[in-house]
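Worksheet: the structure to be examined is printed underneath.
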Amino acid sequence: MGERYRSAIKIGFPMRTMLTHLPEAIPIFEAEQPTVQIVPEMQPTIDAISSFMRRDLDIMLLPLEEAEKLNGITITPLFTSHIYLLCQTTDSLAKKKRITIEDLAHRTLLVNGGSSQTLRQVQQRVVDTVPIQTLNSPTHDFTLIQVAAGRAICLSPGFLNDHSGQFSWIPFDCPESFDFVLVHHQDVQNEGLTQLITILQDLYQNSPYHF
């Protein structure tokens with residue numbers, strides 16, 4: 001951990017974009033707890049849960065439905081992620097403030113790509129409602145390349161947005177969303193852990209981004 005740190009808080013989450021405000025939280029936290037290091041541990045959700053249950057992780061970001069399956073934890077709501085249309089900034093759809101299913105007619109939609117069951121349901125509803133071509137995508141990175149090449153558009157949860165400005169992310173008109181929470185072990189009383197959670201909550205509540 002280096003000479004300046006005496007302890008660490010390990011926080012698990014699947015990918016960098018899913019904790020957009022963590023880099024901002026770290027210096028705020030270390031100003032209050034200069035001897036405690038925040039250690040990001042990025043790993044797939046199923047692996048992170050196993051690490052958390054072994055107590056190799058102190059805190060973890062999870063979808064609410066996954067967190068509710070665990071015992072002996074404290075759940076803290078962090079943010080709700082909605083579904084967006086992802087397209088090139090020059091696409092005519094990028095001028096819209098909100099996208100409906102009808103707006104996608106006669107376009108090519110990327111589907112699958114490791115999509116969650118919720119997102120696949122939304123994709124299927126689009127396919128069943130309007131005439132549309134589909135293009136199978138094995139991964140989100142594949143999807144981004146196809147969108148950048150102008151081959152297709154896609155529907156994506158906002159937590160995948162890296163806020164780089166490379167693409168347009170327009171809210172999609174659907175009721176589905178994803179609730180994300182922070183979880184930690186109930187029997188762990190840790191002032192630093194409480195401070196980190198509070199800092200992250202404040203940053204997300206005042207975030208300029210849409211998730």
Side-chain angles (χ1 to χ4, degrees), residues 1-68 70 72-84 86 89 139-141 144 148 156-171 177-211:
M1 291 187 292
E3 294 181 356
R4 62 174 287 191
Y5 299 112
R6 291 200 294 266
S7 61
I9 295 176
K10 293 185 178 181
I11 179 167
F13 53 104
M15 61 187 69
R16 180 181 61 84
T17 59
M18 292 185 73
L19 266 181
T20 297
H21 290 300
L22 182 60
E24 297 166 66
I26 289 174
I28 297 172
F29 174 85
E30 291 193 349
E32 300 179 11
Q33 298 278 351
T35 63
V36 182
Q37 183 181 27
I38 303 300
V39 181
E41 295 276 352
M42 282 169 281
Q43 49 188 293
T45 297
I46 189 169
D47 295 336
I49 291 174
S50 296
S51 296
F52 178 75
M53 299 310 292
R54 292 195 307 267
R55 298 187 180 245
D56 293 334
L57 294 175
D58 302 292
I59 185 172
M60 181 173 49
L61 179 75
L62 279 180
L64 177 60
E65 63 268 23
E66 294 296 330
E68 290 176 335
L70 304 179
I73 63 166
T74 297
I75 296 176
T76 303
L78 188 61
F79 65 90
T80 297
S81 183
H82 300 278
I83 294 176
Y84 293 78
L86 175 55
T89 57
T139 66
H140 184 65
D141 285 332
L144 294 181
S156 176
F159 62 75
L160 293 176
N161 189 346
D162 63 3
H163 306 285
S164 66
Q166 181 180 2
F167 303 101
S168 288
W169 292 71
I170 311 104
S177 62
F178 307 85
D179 292 323
F180 282 89
V181 299
L182 295 172
V183 301
H184 68 277
H185 296 284
Q186 281 180 347
D187 60 357
V188 175
Q189 302 298 322
N190 185 318
E191 180 184 356
L193 200 59
T194 301
Q195 286 181 325
L196 177 60
I197 292 171
T198 299
I199 291 167
L200 284 168
Q201 281 188 305
D202 288 344
L203 287 170
Y204 275 87
Q205 287 172 2
N206 297 289
S207 177
Y209 301 131
H210 299 290
F211 299 101

Review point. Is any side-chain heavy atom of Ile11 closer than 4.5 Å to a side-chain heavy atom of Leu200?
Key: yes

Check your understanding: How close do Ala67 and Val183 get, heavy atom to heavy atom, and via which atoms?
Key -> CB-CG1, 3.7 Å

**Study point:** Sequence-distant partners of Tyr204, ring-ring contact (aromatic ring centres under 6.0 Å, His included), two or more places apart
**Key:** His21, Phe79, Phe211

Exercise for review: Could you check if a side-chain atom of Leu70 sits within less than 4.5 angstrom of a side-chain atom of Met60, using non-hydrogen atoms only?
Suggested key: yes

Practice item. Would you name the heavy atoms of Phe29 and Gly192 that are closest together and state the gap between them? Key: CE1-O, 3.1 Å

Check your understanding: Hey, does Leu144 have a side-chain heavy atom less than 4.5 Å from the side chain of Leu86?
Key -> yes

Point to revise | With Asp56 via salt bridge (charged side-chain N to carboxylate O under 4.0 Å, His left out) - residues at least two apart | key: Arg54

Exercise for review: Sequence neighbours left out, what passes side chain to side chain contact (heavy atoms under 4.5 Å, CB included) with Thr89? Give chain and number order.
Suggested key: Ser168

**Study point:** Close side-chain approach of Arg6 and Val36, heavy atoms under 4.5 Å
**Key:** no

Check your understanding: So Val181 and Thr76, side-chain contact (heavy atoms from CB on, under 4.5 Å) or not? Walk me through it.
Key -> CA-CA 5 Å; Val181 299; Thr76 303; 5.9 Å; no

Exercise for review: Apply the test side-chain contact (heavy atoms from CB on, under 4.5 Å) to residues Ile75 and Leu62: give CA-CA distance (whole Å), side-chain angles for both, the deciding distance (0.1 Å), then the verdict.
Suggested key: CA-CA 9 Å; Ile75 296 176; Leu62 279 180; over 6 Å; no

**Study point:** Partners meeting side chain to side chain contact (heavy atoms under 4.5 Å, CB included) with Pro63 (sequence neighbours left out)
**Key:** Glu65, Glu66, Phe180

Exercise for review: List in chain and number order the residues that pass side chain to side chain contact (heavy atoms under 4.5 Å, CB included) with Pro40, two or more places apart in sequence or in another chain; answer none if no residue qualifies.
Suggested key: Phe13, Leu22

Exercise for review: Kindly compute the distance separating CG (Leu182) from CG (Leu78), expressed to the nearest 0.5 Å.
Suggested key: 4.5 Å

Check your understanding: Which pairs, with at least one residue in residues 177-188 and sequence neighbours excluded, count as a side chain to side chain donor-acceptor pair (under 3.5 Å)?
Key -> Arg55-Asp187, Thr80-Asp179

Review point. In chain order, what residues pass the side chain to side chain contact (heavy atoms under 4.5 Å, CB included) check against Pro171, with sequence neighbours excluded?
Key: Tyr84, Arg98

Review point. Partners of Asp162 by side chain to side chain donor-acceptor pair (under 3.5 Å), sequence neighbours excluded?
Key: Ser164

Review point. What's the shortest heavy-atom distance between Phe159 and Ser81, and which atoms?
Key: N-OG, 3.0 Å

**Study point:** Straight-line distance of Asp47 CG to Glu41 CD, nearest 0.5 Å
**Key:** 11.5 Å

Check your understanding: If you round to the nearest 0.5 Å, how far is OG of Ser207 from NE2 of His163?
Key -> 6.5 Å

Review point. Partners of Asp141 by salt bridge (charged side-chain N to carboxylate O under 4.0 Å, His left out), sequence neighbours excluded?
Key: none

Exercise for review: Name all pairs fulfilling the side chain to side chain donor-acceptor pair (under 3.5 Å) condition that reach into residues 189-202, sequence neighbours left out, sorted by first residue then second.
Suggested key: Glu32-Gln195, Gln33-Gln195

Check your understanding: Looking only at heavy atoms, which two atoms of Ala25 and Leu196 are closest? And how far apart?
Key -> CB-CD1, 4.5 Å

**Study point:** Separation of Asn161 CG from Phe167 CZ (nearest 0.5 Å)
**Key:** 10.0 Å

**Study point:** Nearest heavy atoms of Met42 and Pro14, plus distance in Å
**Key:** CB-O, 4.1 Å

**Study point:** Nearest heavy-atom neighbours spanning Ile73 and Phe52
**Key:** CG2-CE2, 3.7 Å

Exercise for review: Kindly check if the number of other-residue, nucleotide or ligand heavy atoms within 6.0 Å of NE2 (His210) is above 12?
Suggested key: no

Practice item. Indicate yes or no: at least one non-hydrogen side-chain atom of Leu61 is less than 4.5 angstrom from one of Leu19. Key: yes

Point to revise | Listed partners of Glu68 passing salt bridge (charged side-chain N to carboxylate O under 4.0 Å, His left out), at least two apart | key: none

Exercise for review: Run the numbers on Ser7 and Gln37 for side-chain contact (heavy atoms from CB on, under 4.5 Å), then give the verdict.
Suggested key: CA-CA 6 Å; Ser7 61; Gln37 183 181 27; over 6 Å; no

Practice item. Hey, could you give me each pair passing side chain to side chain donor-acceptor pair (under 3.5 Å) that has a residue in residues 8-18? Not counting sequence neighbours. Key: none

